[in-house]
Number of protein chains: 2
Amino acid sequence: MADEKTTKITVPRSQKALKTRDSILTNARIAFTSVGYARAGLREIAGNVGVNPALILRYFGSKEELFRSALETVVNVHRMIDCERDRFGAHMADLLNVSAADALPMMLLSLSEPAAREVSQSALQERIVDPLAAWLGPPDAEARATEIVMLSMGYVLYSRMLRLRASGDKAIDQWLAEALQQIADRQ
Amino acid sequence: MADEKTTKITVPRSQKALKTRDSILTNARIAFTSVGYARAGLREIAGNVGVNPALILRYFGSKEELFRSALETVVNVHRMIDCERDRFGAHMADLLNVSAADALPMMLLSLSEPAAREVSQSALQERIVDPLAAWLGPPDAEARATEIVMLSMGYVLYSRMLRLRASGDKAIDQWLAEALQQIADRQ
DNA sequence: AATAGAAGTCAACATGTGTTTACATTTTGC
DNA sequence: GCAAAATGTAAACACATGTTGACTTCTATT
(Lines give C-alpha, C1' and ligand atoms only; values in the text may rest on other atoms or scores of the structure.)
Protein backbone atom coordinates (compact mmCIF):
# COMPACT_ATOMS: atom_id res chain seq x y z
CA MET A 1 0.00 0.00 0.00
CA ALA A 2 2.58 2.48 -1.11
CA ASP A 3 0.62 4.68 -3.47
CA GLU A 4 -2.82 4.78 -1.88
CA LYS A 5 -4.69 6.22 -4.83
CA THR A 6 -2.63 7.15 -7.84
CA THR A 7 -4.35 10.28 -9.10
CA LYS A 8 -3.19 12.09 -12.16
CA ILE A 9 -2.83 15.45 -10.48
CA THR A 10 0.19 17.44 -11.58
CA VAL A 11 1.90 20.11 -9.52
CA PRO A 12 3.08 22.92 -11.79
CA ARG A 13 6.83 23.49 -11.75
CA SER A 14 7.41 26.35 -14.16
CA GLN A 15 6.44 29.94 -13.39
CA LYS A 16 4.12 30.08 -16.38
CA ALA A 17 2.30 26.92 -15.39
CA LEU A 18 1.82 28.28 -11.90
CA LYS A 19 0.31 31.42 -13.38
CA THR A 20 -2.26 29.47 -15.36
CA ARG A 21 -3.07 27.33 -12.33
CA ASP A 22 -3.68 30.50 -10.33
CA SER A 23 -5.75 31.92 -13.14
CA ILE A 24 -7.90 28.80 -13.14
CA LEU A 25 -8.39 29.15 -9.41
CA THR A 26 -9.35 32.81 -9.70
CA ASN A 27 -11.81 32.23 -12.51
CA ALA A 28 -13.27 29.23 -10.69
CA ARG A 29 -13.86 31.37 -7.62
CA ILE A 30 -15.60 34.02 -9.72
CA ALA A 31 -17.79 31.44 -11.43
CA PHE A 32 -18.72 29.62 -8.22
CA THR A 33 -19.47 32.90 -6.50
CA SER A 34 -21.77 34.18 -9.21
CA VAL A 35 -23.72 31.07 -10.22
CA GLY A 36 -22.89 28.38 -7.65
CA TYR A 37 -21.34 24.94 -7.91
CA ALA A 38 -23.85 23.24 -10.18
CA ARG A 39 -24.16 25.95 -12.81
CA ALA A 40 -20.46 26.73 -13.02
CA GLY A 41 -19.24 24.57 -15.90
CA LEU A 42 -15.65 23.49 -16.31
CA ARG A 43 -15.86 24.36 -20.00
CA GLU A 44 -16.82 27.94 -19.25
CA ILE A 45 -14.19 28.39 -16.56
CA ALA A 46 -11.54 26.95 -18.89
CA GLY A 47 -12.78 29.19 -21.70
CA ASN A 48 -12.39 32.32 -19.57
CA VAL A 49 -8.86 31.30 -18.71
CA GLY A 50 -8.15 30.50 -22.35
CA VAL A 51 -7.28 26.92 -21.64
CA ASN A 52 -8.59 23.43 -22.25
CA PRO A 53 -11.10 21.95 -19.77
CA ALA A 54 -8.99 18.83 -19.36
CA LEU A 55 -6.18 20.90 -17.91
CA ILE A 56 -8.33 21.86 -14.95
CA LEU A 57 -8.71 18.22 -14.02
CA ARG A 58 -4.98 17.69 -14.34
CA TYR A 59 -4.32 20.39 -11.80
CA PHE A 60 -7.18 19.73 -9.43
CA GLY A 61 -8.34 16.17 -10.02
CA SER A 62 -12.07 16.84 -10.06
CA LYS A 63 -14.63 19.61 -9.99
CA GLU A 64 -15.24 18.96 -6.32
CA GLU A 65 -11.55 19.44 -5.48
CA LEU A 66 -11.49 22.60 -7.56
CA PHE A 67 -14.38 23.92 -5.49
CA ARG A 68 -12.61 23.00 -2.27
CA SER A 69 -9.42 24.78 -3.36
CA ALA A 70 -11.31 27.85 -4.56
CA LEU A 71 -13.29 28.07 -1.34
CA GLU A 72 -10.18 27.85 0.81
CA THR A 73 -8.65 30.83 -0.93
CA VAL A 74 -11.62 32.92 0.08
CA VAL A 75 -12.81 31.71 3.47
CA ASN A 76 -10.85 33.22 6.30
CA VAL A 77 -11.59 35.04 9.47
CA HIS A 78 -8.82 37.64 9.37
CA ARG A 79 -10.75 40.58 7.98
CA MET A 80 -13.69 39.85 10.25
CA ILE A 81 -11.68 40.28 13.43
CA ASP A 82 -9.39 43.03 12.15
CA CYS A 83 -10.93 45.75 14.33
CA GLU A 84 -11.44 46.97 17.87
CA ARG A 85 -13.80 44.89 19.94
CA ASP A 86 -16.19 47.77 20.54
CA ARG A 87 -16.55 48.42 16.81
CA PHE A 88 -17.07 44.81 15.74
CA GLY A 89 -20.73 45.22 14.81
CA ALA A 90 -20.26 48.16 12.46
CA HIS A 91 -17.11 46.62 11.04
CA MET A 92 -18.85 43.35 10.18
CA ALA A 93 -21.86 45.14 8.71
CA ASP A 94 -19.53 47.07 6.41
CA LEU A 95 -17.66 43.94 5.46
CA LEU A 96 -20.83 42.09 4.48
CA ASN A 97 -21.71 44.87 2.07
CA VAL A 98 -18.51 44.78 0.05
CA SER A 99 -17.66 42.05 -2.40
CA ALA A 100 -14.74 41.05 -0.22
CA ALA A 101 -17.18 38.78 1.52
CA ASP A 102 -17.49 36.49 -1.47
CA ALA A 103 -17.34 33.32 0.53
CA LEU A 104 -20.94 33.43 1.67
CA PRO A 105 -22.56 33.75 -1.78
CA MET A 106 -20.26 31.02 -3.02
CA MET A 107 -21.41 28.70 -0.27
CA LEU A 108 -25.07 29.68 -0.30
CA LEU A 109 -25.39 29.15 -4.05
CA SER A 110 -23.82 25.73 -3.73
CA LEU A 111 -25.94 24.31 -0.93
CA SER A 112 -27.82 21.86 -3.10
CA GLU A 113 -24.74 19.91 -4.18
CA PRO A 114 -23.94 17.49 -1.35
CA ALA A 115 -20.21 17.54 -2.06
CA ALA A 116 -20.06 21.32 -2.09
CA ARG A 117 -22.24 21.54 0.97
CA GLU A 118 -19.92 19.33 2.98
CA VAL A 119 -16.91 21.38 1.95
CA SER A 120 -18.72 24.59 2.92
CA GLN A 121 -19.86 23.23 6.22
CA SER A 122 -16.44 22.19 7.40
CA ALA A 123 -14.77 25.32 6.06
CA LEU A 124 -17.31 27.47 7.86
CA GLN A 125 -16.88 25.61 11.12
CA GLU A 126 -13.10 25.32 11.13
CA ARG A 127 -12.08 28.51 9.41
CA ILE A 128 -14.74 30.90 10.68
CA VAL A 129 -16.70 29.73 13.70
CA ASP A 130 -13.78 28.21 15.64
CA PRO A 131 -11.31 31.08 15.26
CA LEU A 132 -14.07 33.61 15.78
CA ALA A 133 -15.04 31.86 19.02
CA ALA A 134 -11.43 31.99 20.16
CA TRP A 135 -11.32 35.72 19.44
CA LEU A 136 -14.60 36.37 21.27
CA GLY A 137 -13.63 34.41 24.34
CA PRO A 138 -15.90 33.19 27.17
CA PRO A 139 -18.65 32.88 28.02
CA ASP A 140 -20.42 30.72 25.41
CA ALA A 141 -17.81 31.51 22.78
CA GLU A 142 -18.96 28.95 20.23
CA ALA A 143 -22.63 29.78 20.60
CA ARG A 144 -21.98 33.48 20.13
CA ALA A 145 -19.73 32.85 17.12
CA THR A 146 -22.44 30.69 15.61
CA GLU A 147 -25.03 33.40 16.19
CA ILE A 148 -22.81 35.90 14.37
CA VAL A 149 -22.41 33.57 11.40
CA MET A 150 -26.13 32.90 11.36
CA LEU A 151 -26.97 36.57 11.30
CA SER A 152 -24.40 37.19 8.57
CA MET A 153 -25.82 34.47 6.35
CA GLY A 154 -29.33 35.80 6.75
CA TYR A 155 -28.17 39.30 5.92
CA VAL A 156 -26.30 38.29 2.78
CA LEU A 157 -29.30 36.28 1.63
CA TYR A 158 -31.55 39.26 2.15
CA SER A 159 -29.34 41.97 0.74
CA ARG A 160 -27.43 40.28 -2.07
CA MET A 161 -29.15 37.13 -3.16
CA LEU A 162 -32.90 37.42 -2.71
CA ARG A 163 -32.98 41.19 -3.04
CA LEU A 164 -36.18 41.76 -1.11
CA ARG A 165 -37.85 45.11 -1.48
CA ALA A 166 -36.20 46.49 1.64
CA SER A 167 -32.72 45.80 0.26
CA GLY A 168 -30.50 48.81 0.81
CA ASP A 169 -32.52 50.09 3.75
CA LYS A 170 -30.01 51.87 5.98
CA ALA A 171 -32.15 51.24 9.05
CA ILE A 172 -31.71 47.51 8.59
CA ASP A 173 -27.94 47.87 8.23
CA GLN A 174 -27.99 49.83 11.44
CA TRP A 175 -30.02 47.16 13.19
CA LEU A 176 -27.62 44.48 11.96
CA ALA A 177 -24.59 46.33 13.30
CA GLU A 178 -26.20 46.74 16.71
CA ALA A 179 -27.31 43.12 16.87
CA LEU A 180 -23.81 41.93 16.02
CA GLN A 181 -22.27 44.26 18.58
CA GLN A 182 -24.63 43.00 21.28
CA ILE A 183 -23.55 39.44 20.64
CA ALA A 184 -19.88 40.41 20.80
CA ASP A 185 -20.40 42.36 24.04
CA ARG A 186 -22.46 39.71 25.79
CA GLN A 187 -21.01 38.27 28.97
CA MET B 1 -55.40 37.42 -30.41
CA ALA B 2 -57.92 34.99 -29.04
CA ASP B 3 -55.71 32.25 -27.67
CA GLU B 4 -52.70 34.13 -26.31
CA LYS B 5 -50.34 31.23 -25.95
CA THR B 6 -51.77 27.83 -26.75
CA THR B 7 -50.11 25.65 -24.14
CA LYS B 8 -50.84 21.98 -23.84
CA ILE B 9 -51.74 22.15 -20.20
CA THR B 10 -54.72 20.02 -19.24
CA VAL B 11 -56.98 20.65 -16.29
CA PRO B 12 -58.03 17.33 -14.77
CA ARG B 13 -61.77 16.69 -14.81
CA SER B 14 -62.23 13.31 -13.16
CA GLN B 15 -61.74 12.70 -9.45
CA LYS B 16 -59.00 10.18 -10.09
CA ALA B 17 -57.07 12.55 -12.34
CA LEU B 18 -57.26 15.26 -9.70
CA LYS B 19 -55.85 12.82 -7.16
CA THR B 20 -52.83 12.08 -9.32
CA ARG B 21 -52.31 15.78 -10.00
CA ASP B 22 -52.28 16.40 -6.26
CA SER B 23 -49.94 13.49 -5.75
CA ILE B 24 -47.55 14.98 -8.30
CA LEU B 25 -47.66 18.29 -6.46
CA THR B 26 -47.00 16.65 -3.10
CA ASN B 27 -44.11 14.58 -4.35
CA ALA B 28 -42.67 17.58 -6.17
CA ARG B 29 -42.73 19.58 -2.96
CA ILE B 30 -40.97 16.78 -1.10
CA ALA B 31 -38.30 16.47 -3.80
CA PHE B 32 -37.70 20.23 -4.09
CA THR B 33 -37.52 20.54 -0.32
CA SER B 34 -34.98 17.79 0.13
CA VAL B 35 -32.63 18.33 -2.82
CA GLY B 36 -33.57 21.67 -4.40
CA TYR B 37 -34.73 22.66 -7.86
CA ALA B 38 -31.76 21.53 -9.91
CA ARG B 39 -31.33 18.07 -8.42
CA ALA B 40 -35.00 17.22 -8.31
CA GLY B 41 -35.58 15.33 -11.55
CA LEU B 42 -38.96 15.03 -13.24
CA ARG B 43 -38.28 11.35 -13.82
CA GLU B 44 -37.77 10.68 -10.14
CA ILE B 45 -40.80 12.69 -9.06
CA ALA B 46 -42.91 10.87 -11.65
CA GLY B 47 -41.47 7.56 -10.51
CA ASN B 48 -42.47 8.17 -6.90
CA VAL B 49 -46.00 9.00 -8.00
CA GLY B 50 -46.07 5.93 -10.22
CA VAL B 51 -46.69 7.92 -13.34
CA ASN B 52 -44.98 8.93 -16.58
CA PRO B 53 -42.76 12.04 -16.64
CA ALA B 54 -44.63 13.42 -19.62
CA LEU B 55 -47.80 13.61 -17.57
CA ILE B 56 -46.23 16.14 -15.24
CA LEU B 57 -45.66 18.50 -18.12
CA ARG B 58 -49.22 18.02 -19.31
CA TYR B 59 -50.51 19.20 -15.96
CA PHE B 60 -47.98 21.92 -15.21
CA GLY B 61 -46.42 22.93 -18.52
CA SER B 62 -42.80 23.02 -17.38
CA LYS B 63 -40.54 22.22 -14.46
CA GLU B 64 -40.44 25.89 -13.55
CA GLU B 65 -44.22 26.10 -13.32
CA LEU B 66 -44.27 22.93 -11.25
CA PHE B 67 -41.86 24.57 -8.83
CA ARG B 68 -44.00 27.69 -8.67
CA SER B 69 -47.13 25.66 -7.94
CA ALA B 70 -45.38 23.53 -5.33
CA LEU B 71 -43.92 26.57 -3.61
CA GLU B 72 -47.29 28.29 -3.42
CA THR B 73 -48.80 25.35 -1.59
CA VAL B 74 -46.21 25.71 1.12
CA VAL B 75 -45.42 29.41 1.50
CA ASN B 76 -47.91 31.15 3.72
CA VAL B 77 -47.81 33.38 6.73
CA HIS B 78 -50.76 31.95 8.62
CA ARG B 79 -48.94 29.67 11.05
CA MET B 80 -46.31 32.32 11.68
CA ILE B 81 -48.80 34.84 13.04
CA ASP B 82 -51.11 32.34 14.70
CA CYS B 83 -50.20 33.37 18.25
CA GLU B 84 -50.34 36.13 20.82
CA ARG B 85 -48.13 39.10 20.08
CA ASP B 86 -46.12 38.69 23.27
CA ARG B 87 -45.30 35.08 22.46
CA PHE B 88 -44.28 35.61 18.84
CA GLY B 89 -40.57 34.96 19.37
CA ALA B 90 -40.96 31.60 21.07
CA HIS B 91 -43.71 30.62 18.65
CA MET B 92 -41.55 31.35 15.60
CA ALA B 93 -38.55 29.57 17.08
CA ASP B 94 -40.69 26.47 17.60
CA LEU B 95 -42.09 26.69 14.09
CA LEU B 96 -38.65 26.87 12.50
CA ASN B 97 -37.69 23.63 14.21
CA VAL B 98 -40.55 21.53 12.87
CA SER B 99 -40.74 20.33 9.32
CA ALA B 100 -43.86 22.43 8.85
CA ALA B 101 -41.51 25.20 7.81
CA ASP B 102 -40.55 23.44 4.60
CA ALA B 103 -40.70 26.54 2.49
CA LEU B 104 -37.31 27.88 3.56
CA PRO B 105 -35.24 24.78 2.74
CA MET B 106 -37.08 24.54 -0.57
CA MET B 107 -36.12 28.11 -1.44
CA LEU B 108 -32.61 28.03 -0.02
CA LEU B 109 -31.71 24.87 -1.92
CA SER B 110 -32.99 26.40 -5.14
CA LEU B 111 -31.17 29.73 -5.02
CA SER B 112 -28.77 28.93 -7.82
CA GLU B 113 -31.44 28.41 -10.45
CA PRO B 114 -32.43 31.88 -11.70
CA ALA B 115 -35.99 30.86 -12.47
CA ALA B 116 -36.49 29.29 -9.05
CA ARG B 117 -34.82 32.20 -7.34
CA GLU B 118 -37.20 34.69 -8.90
CA VAL B 119 -40.20 32.62 -7.87
CA SER B 120 -38.85 32.38 -4.32
CA GLN B 121 -38.07 36.04 -4.10
CA SER B 122 -41.55 37.22 -5.08
CA ALA B 123 -43.27 34.56 -2.99
CA LEU B 124 -41.23 35.56 0.04
CA GLN B 125 -41.95 39.25 -0.45
CA GLU B 126 -45.65 39.00 -1.25
CA ARG B 127 -46.71 36.02 0.82
CA ILE B 128 -44.50 36.47 3.88
CA VAL B 129 -42.91 39.88 4.29
CA ASP B 130 -45.91 41.97 3.24
CA PRO B 131 -48.56 40.21 5.35
CA LEU B 132 -46.15 39.93 8.26
CA ALA B 133 -45.52 43.68 8.07
CA ALA B 134 -49.27 44.30 8.10
CA TRP B 135 -49.61 42.13 11.20
CA LEU B 136 -46.73 43.83 12.98
CA GLY B 137 -47.95 47.34 12.24
CA PRO B 138 -46.00 50.63 12.60
CA PRO B 139 -43.37 51.77 13.05
CA ASP B 140 -41.06 50.46 10.32
CA ALA B 141 -43.32 47.51 9.64
CA GLU B 142 -41.56 46.35 6.48
CA ALA B 143 -38.07 46.70 7.92
CA ARG B 144 -39.02 44.69 11.00
CA ALA B 145 -40.73 42.00 8.91
CA THR B 146 -37.62 41.77 6.76
CA GLU B 147 -35.42 41.43 9.82
CA ILE B 148 -37.57 38.56 11.05
CA VAL B 149 -37.31 36.78 7.72
CA MET B 150 -33.57 37.39 7.63
CA LEU B 151 -33.09 35.90 11.07
CA SER B 152 -35.28 32.93 10.18
CA MET B 153 -33.29 32.17 7.05
CA GLY B 154 -30.03 32.32 8.94
CA TYR B 155 -31.38 30.03 11.62
CA VAL B 156 -32.67 27.41 9.19
CA LEU B 157 -29.35 27.47 7.36
CA TYR B 158 -27.50 26.96 10.61
CA SER B 159 -29.72 24.34 12.18
CA ARG B 160 -31.03 22.30 9.27
CA MET B 161 -28.88 22.77 6.22
CA LEU B 162 -25.30 23.42 7.22
CA ARG B 163 -25.52 21.58 10.54
CA LEU B 164 -22.72 23.42 12.28
CA ARG B 165 -21.35 21.87 15.42
CA ALA B 166 -23.55 23.98 17.67
CA SER B 167 -26.71 22.67 15.99
CA GLY B 168 -29.25 21.73 18.63
CA ASP B 169 -27.81 24.08 21.23
CA LYS B 170 -30.77 25.15 23.34
CA ALA B 171 -29.08 28.40 24.28
CA ILE B 172 -29.08 29.46 20.64
CA ASP B 173 -32.76 28.61 20.27
CA GLN B 174 -33.38 30.74 23.31
CA TRP B 175 -31.38 33.61 21.89
CA LEU B 176 -33.30 33.36 18.62
CA ALA B 177 -36.65 33.51 20.38
CA GLU B 178 -35.61 36.60 22.31
CA ALA B 179 -34.21 38.34 19.26
CA LEU B 180 -37.41 37.71 17.32
CA GLN B 181 -39.53 38.93 20.22
CA GLN B 182 -37.49 42.13 20.47
CA ILE B 183 -38.11 42.89 16.83
CA ALA B 184 -41.83 42.28 17.23
CA ASP B 185 -41.99 44.48 20.34
CA ARG B 186 -39.96 47.35 18.93
CA GLN B 187 -41.68 50.71 18.68
C1' DA C 1 -72.52 -0.45 -28.37
C1' DA C 2 -70.13 3.31 -30.61
C1' DT C 3 -67.22 7.10 -30.21
C1' DA C 4 -65.01 11.43 -28.76
C1' DG C 5 -62.07 13.14 -25.54
C1' DA C 6 -59.49 12.70 -21.41
C1' DA C 7 -55.71 10.09 -18.94
C1' DG C 8 -51.65 8.19 -19.44
C1' DT C 9 -47.55 5.72 -21.80
C1' DC C 10 -43.49 5.27 -24.82
C1' DA C 11 -39.50 6.29 -27.16
C1' DA C 12 -36.78 9.60 -29.02
C1' DC C 13 -34.67 14.31 -29.36
C1' DA C 14 -31.59 17.96 -28.21
C1' DT C 15 -28.48 19.44 -25.13
C1' DG C 16 -25.22 19.78 -21.49
C1' DT C 17 -22.29 17.68 -18.14
C1' DG C 18 -17.75 15.87 -15.85
C1' DT C 19 -14.40 12.92 -17.18
C1' DT C 20 -11.03 10.01 -19.87
C1' DT C 21 -7.82 8.59 -23.27
C1' DA C 22 -4.71 9.47 -26.82
C1' DC C 23 -2.12 12.77 -28.86
C1' DA C 24 0.81 17.14 -29.76
C1' DT C 25 3.91 20.74 -28.04
C1' DT C 26 6.98 22.95 -25.09
C1' DT C 27 10.33 23.17 -21.49
C1' DT C 28 14.06 21.31 -18.70
C1' DG C 29 18.12 18.54 -17.18
C1' DC C 30 22.08 16.22 -18.59
C1' DG D 1 21.45 18.70 -28.80
C1' DC D 2 18.78 14.96 -27.12
C1' DA D 3 15.62 12.61 -24.39
C1' DA D 4 12.34 12.79 -20.89
C1' DA D 5 9.19 15.00 -18.42
C1' DA D 6 5.95 18.87 -18.05
C1' DT D 7 2.39 21.54 -20.27
C1' DG D 8 -1.33 21.63 -23.03
C1' DT D 9 -4.92 20.12 -26.76
C1' DA D 10 -8.57 17.38 -29.27
C1' DA D 11 -12.15 14.38 -29.44
C1' DA D 12 -14.94 11.21 -27.74
C1' DC D 13 -17.36 8.69 -23.78
C1' DA D 14 -21.04 7.90 -20.64
C1' DC D 15 -24.66 9.70 -18.67
C1' DA D 16 -28.47 12.65 -17.22
C1' DT D 17 -31.66 16.18 -18.17
C1' DG D 18 -36.22 18.69 -19.70
C1' DT D 19 -39.12 18.37 -23.39
C1' DT D 20 -41.81 16.72 -27.45
C1' DG D 21 -45.00 14.21 -30.52
C1' DA D 22 -47.15 10.00 -31.61
C1' DC D 23 -49.33 6.42 -29.65
C1' DT D 24 -52.48 3.50 -26.52
C1' DT D 25 -55.98 2.85 -22.85
C1' DC D 26 -59.65 4.11 -20.33
C1' DT D 27 -64.07 6.53 -19.31
C1' DA D 28 -68.19 8.85 -19.99
C1' DT D 29 -71.89 10.45 -22.97
C1' DT D 30 -75.14 9.71 -26.60
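All values below come from the heavy atoms of this structure, side chains included, with hydrogens, waters and symmetry mates left out. Below, read A as the first sequence line, B as the second, and so on, with proteins coming before strands; counting in each chain starts at 1.
For the salt bridge (charged side-chain N to carboxylate O under 4.0 Å, His left out) condition, the pairs that include at least one residue of residues 54-74 of chain B, sequence neighbours left out, are B:Glu65-B:Arg68. Legend: salt bridge (charged side-chain N to carboxylate O under 4.0 Å, His left out) pairs involving residues 128-151 of chain A, not counting sequence neighbours, sorted by first then second residue: A:Asp130-B:Arg165, A:Glu142-B:Arg165, A:Glu147-A:Arg186. Among pairs with a residue in residues 107-118 of chain B, those fulfilling salt bridge (charged side-chain N to carboxylate O under 4.0 Å, His left out) read A:Arg39-B:Glu113, at least two apart in sequence or across chains. Residue pairs satisfying the ring pair (Phe, Tyr, Trp, His ring centres under 6.0 Å) criterion with at least one member in residues 12-33 of chain B, sequence neighbours excluded, are listed as follows: B:Phe32-B:Tyr37, B:Phe32-B:Phe67.
The CZ atom of B:Arg58 sits 19 Å away from the P atom of D:dG18 (whole-angstrom rounding). Rounded to whole angstrom, the span from the CG atom of B:Leu55 across to the C1' atom of D:dG18 amounts to 15 Å. Look at CG on B:Leu18: it is 16 Å from P on D:dT27, rounded to the nearest Å. Summarising the geometry, the separation between OH on B:Tyr59 and C1' on D:dT19 is reported as 18 Å, rounded to the nearest angstrom. Atom-to-atom, CG of B:Asn52 to P of D:dG21 comes out at 16 Å; the value is rounded to the nearest Å.
Heavy-atom distances under 4.0 Å link DNA chain C to no residue of residues 108-115 of chain A. For the segment residues 19-36 of chain A, the set of residues with a heavy atom within less than 4.0 Å of an atom of DNA chain C is empty.
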Atom pairs, protein N/O to nucleotides 16-19 of chain C N/O, distance under 3.5 Å:
unit_1 : atom_1 : unit_2  : atom_2 : d
C:dG18 : OP1    : A:Ala40 : O      : 3.4
C:dG18 : OP1    : A:Lys63 : NZ     : 2.8
C:dG18 : OP2    : A:Leu42 : N      : 3.1
C:dG18 : N7     : A:Arg43 : NH1    : 2.9
C:dG18 : O6     : A:Arg43 : NH2    : 2.9
C:dT19 : OP2    : A:Lys63 : N      : 2.9

Distance-only criterion, 3.5 Å: show the donor-acceptor pairs between side-chain atoms of residues 167-176 of chain B and protein atoms not counting sequence neighbours.
unit_1   : atom_1 : unit_2   : atom_2 : d
B:Ser167 : OG     : B:Tyr158 : O      : 3.2
B:Ser167 : OG     : B:Leu164 : N      : 3.2
B:Ser167 : OG     : B:Leu164 : O      : 2.8
B:Asp169 : OD1    : B:Ala171 : N      : 2.8
B:Asp173 : OD1    : B:Tyr155 : OH     : 2.9
B:Asp173 : OD2    : B:Asn97  : ND2    : 3.1
B:Asp173 : OD2    : B:Tyr155 : OH     : 3.3
B:Gln174 : NE2    : B:Glu178 : OE2    : 3.2

Exercise answer: donor-acceptor pairs, residues 19-30 of chain A side-chain atoms, under 3.5 Å, sequence neighbours excluded:
unit_1  : atom_1 : unit_2  : atom_2 : d
A:Thr20 : OG1    : A:Ala17 : O      : 2.9
A:Thr26 : OG1    : A:Asp22 : O      : 3.1
A:Asn27 : ND2    : A:Ser23 : O      : 2.9

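Looking at heavy-atom distances under 4.0 Å, A:Phe60 makes no contact with the nucleic acid at all.
Checked against side-chain contact (heavy atoms from CB on, under 4.5 Å), A:Ala31 has the following partners two or more places apart in sequence or in another chain: A:Ala40, A:Ile45. For the ring pair (Phe, Tyr, Trp, His ring centres under 6.0 Å) test, residues two or more places apart in sequence or in another chain that qualify with B:Phe88 are B:Trp135. Residues meeting the side-chain hydrogen bond (donor to acceptor under 3.5 Å, both in side chains) test with B:Asp185, sequence neighbours left out: B:Gln181.
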